[in-house]
Amino acid sequence: MTTFASETDTLTRDALTVLQPGFTGTTAPDWLLRRLGEGLASVGLFGRNIASPEQLSALTAQLRAEREDVLVAVDEEGGDVTRLEVRTGSSFPGNHALGAVDDVDLTREVAHELGRRLAACGVNLNWAPSADVNSNPRNPVIGVRSFGADPALVARHTAAYVAGLQSAGVAACTKHFPGHGDTAVDSHHAMPRIDADASVLGDRELAPFRAAVAAGSRAVMSAHILVPALDPERPATLSAGILANLLRRDLGHDGLIVTDGMEMQAIAGTYGIETGSVLAVAAGADAICVGGGLADDETVRRLRDALVGAVRSGRLAEERLADAAQRVRELARWAATAAEDTGRSGPGSDVGLRAARRALRITGADTAVPLTEAPYIATLTPAANIAVGDETPWGVTAELAGLLPGTEAGTFAGEDAGPAALTAAGARRIVAVVRDEHRHPWMAAALDMLLTARPDTIVVEMGVPQAAPRGALHIATHGAARVCGRAAAEVIAGAR
């Protein structure tokens with residue numbers, strides 16, 4: 001049972017309760033454990049905190065020894081954005097692959113199994129799924145994290161994902177409200193803007209969030225985006241019109257409202273994290289996510305003091321902060337008792353690989369002959385966005401090398417990628433692996449050169465397959481998870 005430090009007053013406890021901070025290392029630092037004793041109710045985990053399921057279980061047990069109902073959150077979407085398997089690649093395809101299959105029962109099964117594995121490690125809040133409609137094909141941060149560009153498809157799979165995840169006892173946090181799909185700017189770097197009118201937003205962006213609320217999503221995450229049709233002055237995270245009125249009142253969401261990371265430049269670079277956090281809570285947010293970049297006790301102290309100071313100066317209503325803290329505690333109570341006992345043990349399911357295989361779209365299979373000799377894999381590698389990170393391996397190299405020993409590989413980028421790849425490949429058959437070819441002119445040019453010089457080149461597209469299929473064999477995986485690479489390698493080598 002949690003015992004709060006006697007010197008921590010109610011206002012200070014409430015201010016700590018609404019924070020969801022991160023930390024560095026694979027064990028909890030003393031300052032974090034102390035804050036849990038003072039009222040902190042949530043902790044956010046990132047890839048840097050996770051080395052193995054066993055280590056993660058020990059870490060969450062360490063946190064619960066200090067506060068038994070602590071919310072342990074993680075950004076585990078499966079697919080390209082994985083924290084549970086950050087060093088190996090995910091065992092689950094991401095949303096775009098599931099949308100390509102368009103089987104809601106499969107999506108529910110994938111989400112349940114992912115939730116089961118999280119719950120088994122002591123994680124009970126997942127900052128997922130992404131309910132963004134990827135209506136802008138040049139979106140630099142959503143892409144394969146979206147189920148697709150059709151609002152109805154995204155809506156039904158968002159609802160299925162929420163149901164599957166929560167059936168395993170892990171709270172879903174549907175994101176990024178009111179929708180980050182029609183943007184061309186990454187909010188990690190600057191403030192995106194959506195200029196669609198209210199009717200378009202209602203039919204397109206909001207449809208998946210209505211479905212998520214109807215499915216009982218325990219939490220919704222706000223987006224750091226400016227939507228003038230909804231609020232011409234403030235981004236969604238700081239807008240009472242968007243959070244308190246649209247999400248809470250009009251859509252009927254009665255669960256937690258969580259902000260996206262407050263150190264992202266869309267907020268930190270315009271308002272600062274202290275002012276931004278006060279404005280977010282005042283606007284209707286209940287939990288302040290911070291810690292992806294600023295992960296120390298000083299950050300927690302700064303935000304706690306900013307919230308307490310805002311209440312004492314009259315800039316933030318004490319009742320609003322108390323309500324936010326109460327919503328956090330309510331979710332913590334639900335999560336502490338909701339995990340299925342049967343979901344905490346037993347063998348893992350292979351649903352991820354089965355889903356990845358079904359998501360493949362293959363062009364040229366009628367004439368293609370499976371490889372029997374080890375090829376050269378030329379991976380044309382774009383810069384990773386911050387949400388995905390650059391520490392997670394992707395591609396087909398490891399999987400194809402296991403099927404065709406002797407396979408060699410290299411990574412290439414920029415204007416010299418094409419000639420460099422040709423030289424490195426020598427006489428070997430080339431497998432060219434790309435990611436969002438349509439977004440990178442240098443990548444399209446490199447592929448042009450490879451296919452002109454070597455028409456028998458096999459092409460594997462692991463991003464959004466927006467460009468026309470080409471190559472002797474073209475495989476669209478709809479994501480770059482490890483299982484997507486495995487599924488593609490099986491086709492190339494004729495292993496299934």
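Separating the CZ atom in Arg48 from the CD atom in Glu391 is a distance of 10.5 Å, to the nearest 0.5 Å. The CG atom of Asp296 sits 13.0 Å away from the CZ atom of Phe23 when rounded to the nearest 0.5 Å. Here the straight-line distance linking atom CG of Leu45 with atom CG of Leu59 works out to 5.5 Å at 0.5 Å rounding. Note: Asp203 CG to Leu201 CG = 9.5 Å, rounded to the nearest 0.5 Å. The CZ atom of Arg358 sits 10.0 Å away from the CG atom of Leu98 when rounded to the nearest 0.5 Å. Rounded to the nearest 0.5 Å, atoms CD (Glu263) and CG (Asp260) are 9.0 Å apart.
Aromatic ring pairs are classed by plane angle as parallel below 30°, tilted from 30° to 60° and perpendicular above 60°; the pair Trp442 and His440 is tilted.
Ion pairing of Asp456 with Arg429 is present here, as a side-chain N (NZ or NE/NH1/NH2) and a carboxylate O approach within less than 4.0 Å. The pair Asp103-Arg156 fails the salt-bridge criterion, with no side-chain N (NZ, NE, NH1 or NH2) lying under 4.0 Å from an Asp/Glu carboxylate O. A salt bridge links Asp448 with Arg470: the distance from a Lys NZ or Arg NE/NH1/NH2 to an Asp or Glu carboxylate oxygen falls below 4.0 Å. Looking at Arg354 and Glu109, a side-chain N of the basic residue comes within less than 4.0 Å of a carboxylate O on the acidic one, giving a salt bridge.
In this structure, Arg482 fails the cation-pi test against Trp394, since its NZ or CZ atom is not both closer than 6.0 Å to the six-membered ring centre and inside 45 degrees of the ring normal.
Residues Val86 and Gly47 approach most closely at CG1-O, 3.8 Å, considering heavy atoms. Heavy-atom minimum distance, Asp80 versus Ala480: OD1-N, 2.8 Å. In terms of heavy-atom proximity, Leu165 sits nearest to Gly115 at CD1-CA, 3.7 Å. The minimum heavy-atom distance between Val431 and Val460, with the atom names listed, is CG1-CG2, 4.1 Å. Heavy atoms only, all atoms of each residue included: Leu125 and Leu331 are closest at CD1-CD2, 4.3 Å. Smallest separation of non-hydrogen atoms from Thr363 and Pro469: OG1-CB, 3.7 Å.
Under the 3.5 Å distance criterion, the side-chain polar atoms of Asn124 are matched with a main-chain donor or acceptor of Val72. The closest donor-acceptor contact from the side chain of Thr337 to the backbone of Trp334 lies under 3.5 Å. For Glu113 (side chain) and Val351 (main-chain N/O), no donor-acceptor pair under 3.5 Å exists by modelled atom type.
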Q: Please lay out, stage by stage, how Gln20 and Leu256 fare under the test side chain to side chain contact (heavy atoms under 4.5 Å, CB included).
A: CA-CA 12 Å; Gln20 292 190 346; Leu256 202 69; 4.2 Å; yes
Q) Do Met264 and Ile267 pass the side chain to side chain contact (heavy atoms under 4.5 Å, CB included) test, and can you show the C-alpha distance, the side-chain angles, and the key distance before you say yes or no? A) CA-CA 6 Å; Met264 295 163 64; Ile267 298 297; 5.9 Å; no
Q: Please assess Ser135 against Glu205 for the test side chain to side chain contact (heavy atoms under 4.5 Å, CB included), listing each intermediate value before the final yes or no.
A: CA-CA 9 Å; Ser135 55; Glu205 270 72 18; 4.2 Å; yes
Q) Do Leu206 and Phe177 pass the side chain to side chain contact (heavy atoms under 4.5 Å, CB included) test, and can you show the C-alpha distance, the side-chain angles, and the key distance before you say yes or no? A) CA-CA 8 Å; Leu206 297 184; Phe177 187 81; 3.8 Å; yes
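Looking only at atom types and distance, the side chain of His176 has a donor-acceptor partner in the side chain of Asp132 under 3.5 Å away. Side-chain contact, Thr82 with Glu77: no donor N or O sits under 3.5 Å from an acceptor N or O. A donor atom on one side chain and an acceptor atom on the other are not found under 3.5 Å apart for Thr477 and Glu461. Between Ser217 and Thr174, the side chains place a donor N or O and an acceptor N or O closer than 3.5 Å (distance only, hydrogens not considered).
Using a 4.5 Å cut-off on side-chain heavy atoms (C-beta onward), Pro382 and Arg439 make no contact. The side-chain heavy atoms of Leu153 and Asp102, taken from C-beta on, include a pair separated by under 4.5 Å. Met462 has its side chain within reach of Cys484: a pair of non-hydrogen atoms, C-beta onward, lies under 4.5 Å apart. Two residues are said to be in side-chain contact when any heavy atoms from C-beta on lie closer than 4.5 Å; Arg193 and Ile225 fail this criterion.
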Can you give the donor-acceptor pairs under 3.5 Å from side chains of residues 395-420 to other protein atoms, not counting sequence neighbours?
unit_1: Thr407; atom_1: OG1; unit_2: Leu404; atom_2: O; d: 2.7
unit_1: Glu408; atom_1: OE2; unit_2: Arg428; atom_2: NH2; d: 3.4

